[in-house]
Structures are given as C-alpha cells and as structure tokens.
There are 2 protein chains.
Amino acid sequence: MNAIHPHRPAPRQGIVELLQAHDIVPTQQRVEIARWLFSEPRHLCAEQLIGLVGEAGCRVSKATVYNTLGLFVGRGLVRELIVDPERVFYDTSTHHHHHFFNVDTSELIDIPEEALAIAHLPEAPLGTETTGVQVIIRIRNSRQ
Amino acid sequence: MNAIHPHRPAPRQGIVELLQAHDIVPTQQRVEIARWLFSEPRHLCAEQLIGLVGEAGCRVSKATVYNTLGLFVGRGLVRELIVDPERVFYDTSTHHHHHFFNVDTSELIDIPEEALAIAHLPEAPLGTETTGVQVIIRIRNSRQ
DNA sequence: CTGCTTGCAAAGGCTTTGCAGAACA
DNA sequence: TGTTCTGCAAAGCCTTTGCAAGCAG
C-alpha cells in the first residue's frame, strides 16, 4: 500500500459539529480520525488512516480506528469501497459517483456521476431492495 | 457462507480439452476442480469449491484449490469478483455481464450485459489502460 | 455515577508460502 | 531424470473480539 500524501487535517470545530449532526458522540479519538478523513475528498484504507493519525502524534489504537470506521459507515458519513481483496477502502465523498481502480497501484480515482450514464437499471429481485449501485472500471499501468 | 447446491459435475473429457486449450496441464486435481466450476455458470468462492470437490470424494488440498483458481484466473478461464470483503468469488461466465450482490446472503445474481447499458464510458487516465468494467448492484432482503 | 469508549493482545478467517514427496513427460 | 505439481502445516494479513481501565455527560 502506497504512502498517502499527508495534508492539513480539518479544523476540530467543524468536525465536532459534523459528528454531532450524525448522532455520534465526538470523542477525542473520533474527532482526530475524522479530521483526516474529511479534510478533503479521498479514499483511504484503515492502515493509511492509522498512519496519518499516528504521524500527527495522536495515539489511537487500531481497534478504535476500525470501530470508528464501522460507526461512520453505519451513520452514512463514509462509504465502503470493496474493490481490492486485500483491504477495504473508505470513500469520504458521499455523493453518488463511480471509480477507476488501478490494480497496479491500488489507487482509486473518482468518476463523477454525470460522466457515466446507466440506462435501464434493472430492478432488484423480488423480496430484495437495492442499497447501492457501484461501477468500477479496473485499469492498470500501460504496458509499453 | 451458504452451502451450495451440488449438481452433476461436467464430464472429464470436455474439461481436459478445455484446460489444454488454455495451455493448462490437466492434472487430476485441476480436472476435478474444473468439473465443478464449469458444469454450469455459477459463482463460487474457494471454500465452496473445496466443499464440492471434497463431498464428491476427491481429496484436493486447500492450497491446490487456491493455486488452481489463481491459475485459471490468469488464463482467463474464470473471473475474480471482488464484492465481499470476506472472500473472493469466481465467476465461470466469461462473457461480459454484471451482478446483483445480496449483502444479506452473500449471493450473486447475473445481470445480462444487454439488460444494462452504460453510456459515455470514460477513458482510462493517461498512462493506464482499462482491463474491465464491473457494475455491482448491492441489494439486501426487504425489511418488511 | 453509569454507560459508552478505548486499548491491548489474542483470536479469527481467508489466502499464501515453504518445502518435501509425488506425478508427469 | 528433470520439471512441474501437490499437500501439509505454518505463516501472513486484515479485521474483529474480549475484557479491564478510562472518559463523557
């Protein structure tokens, strides 16, 4: 897994409000985790997030990071992306969009919703309901 | 993971030819594995395949099943489906199509290619090339 | 106070690996 | 006989869990 370019984490105040708006008690650890998740739209796996939070000097345990990510997913703050058998990615863009996934670099790139139209979306089978539509275009580095 | 309805495995002769046509030495174990994979279009994970082969009375080790699945993927006989963080599914339909994935039952259902049209497929970013397009419609059992 | 959170370490589940013996050409 | 393949067990990795101590309100 590649290192992630660390940038400035989001300010704490906005994060606290964001969490409260989603019925999440803003504990220290959750705020620190969320600051890195929501500073800008991005795709992170748990390991990368643990790295970012740790480098910033906050001691947050692995277990808490996983618990927190699960909590955020349940509350709709982030979306799970299942594209790589090795790890789960978390997408901080909650608006609907799709992805390129580079299998050589494990890198995800957004495809805006309007860049790709799906016609005739089939209905969910009887007794089921749709929870999400995901388009993944797998790419690899060009073999020259 | 649910049990898989065991049905009749494909006859050995056709399987041997299939493997040879793909430059795969048809060893006993590979043939037994392939008989269950290619008896009819289906989605199986490694564990289910191990169960099917084992119930049929053939002792094939876990390691060999994984090795064989990897080999078949590399030779284009089956496609990996990454839809569930818990396990990789293998799809024996090599023609292009899409999937419903029931997150409650971990069941995959085919969507024929013509049932779903994608307009304006974006081009792969510079320096990369597309290797596959995957549409996954996640469904769950209806909450009544 | 009382319940929710955290952290540690251990456990779990899927998959890969190392290596010796077996099969195949 | 030399190469490829298989099987076993162990290791690896990501993720979850159990439980005691800590924090929030």
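If you measure from atom CD1 of I50(A) to atom P of dT6(C), you get 14 Å, rounded to the nearest angstrom. Atom CG in L71(B) sits roughly 17 Å away from atom P in dT15(C) (whole-Å rounding). Rounding to whole angstrom units, CD of residue Q48(B) and C1' of dG13(C) are separated by 15 Å. Look at CG on N67(B): it is 10 Å from C1' on dT15(C), rounded to the nearest Å. R30(A) places its CZ atom 11 Å from the P atom of dC4(C), with the value rounded to the nearest Å. Distance R59(A) CZ to dT6(C) C1': 12 Å, rounded to the nearest Å. Spacing between atom CD of Q29(A) and atom C1' of dC4(C) amounts to 12 Å, rounded to whole angstrom units. Rounded to whole angstrom, the span from the NZ atom of K62(A) across to the P atom of dA10(C) amounts to 13 Å.
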Protein-to-nucleotide contact annotation, 5' to 3' order, nucleotides 18-25 of chain C [B base; S sugar-phosphate only; - none; under 4.0 Å, heavy atom]:
--------
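For DNA chain D, the span of nucleotides reached by chain B at under 4.0 Å from its heavy atoms goes, 5' to 3', from dC5(D) to dC8(D).
Partners of D110(A) under the salt bridge (charged side-chain N to carboxylate O under 4.0 Å, His left out) rule, at least two apart in sequence or in another chain, do not exist in this structure. Applying the salt bridge (charged side-chain N to carboxylate O under 4.0 Å, His left out) rule to R35(A) yields the partners E32(A); only residues at least two apart in sequence or on another chain are considered. Residues satisfying the salt bridge (charged side-chain N to carboxylate O under 4.0 Å, His left out) test with E129(B), not counting sequence neighbours, are R140(A).
Side-chain N/O atoms of Y66(B) include one lying less than 4.0 angstrom from OP1 or OP2 on dT15(C).
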Can you list the steps and then say if L44(B) with L52(B) is a side chain to side chain contact (heavy atoms under 4.5 Å, CB included)?
CA-CA 10 Å; L44(B) 293 173; L52(B) 284 174; 4.2 Å; yes
What do the steps show when you test I139(B) against V103(B) for side chain to side chain contact (heavy atoms under 4.5 Å, CB included), and what is the final call?
CA-CA 6 Å; I139(B) 59 178; V103(B) 297; over 6 Å; no
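The end-to-end axis angle of the helix from dC1(C)-dG25(D) to dA25(C)-dT1(D), rounded to 10 degrees and based on five pairs per end, is 30°.
Note on ring orientation: taking the six-membered ring where Trp is involved, the planes of F72(B) and F38(B) are tilted (angle from 30° to 60°). Aromatic ring orientation, H99(A) versus H43(A): perpendicular (interplanar angle above 60°, classes split at 30° and 60°).
When atom types are taken as modelled, the side chain of S142(B) and the backbone of T128(A) share a donor-acceptor pair closer than 3.5 angstrom.
Going from atom CZ of R12(A) over to atom CD of E17(A) covers 14.5 Å, rounded to the nearest 0.5 Å.
A salt bridge links R143(B) with D104(B): at least one charged nitrogen is closer than 4.0 Å to a carboxylate oxygen.
A side-chain N or O of E113(B) and one of H96(B) form a donor-acceptor pair less than 3.5 Å apart.
In terms of position on DNA chain D, the residue among E86(B) and V65(B) whose nearest nucleotide sits closer to the 5' end is V65(B).
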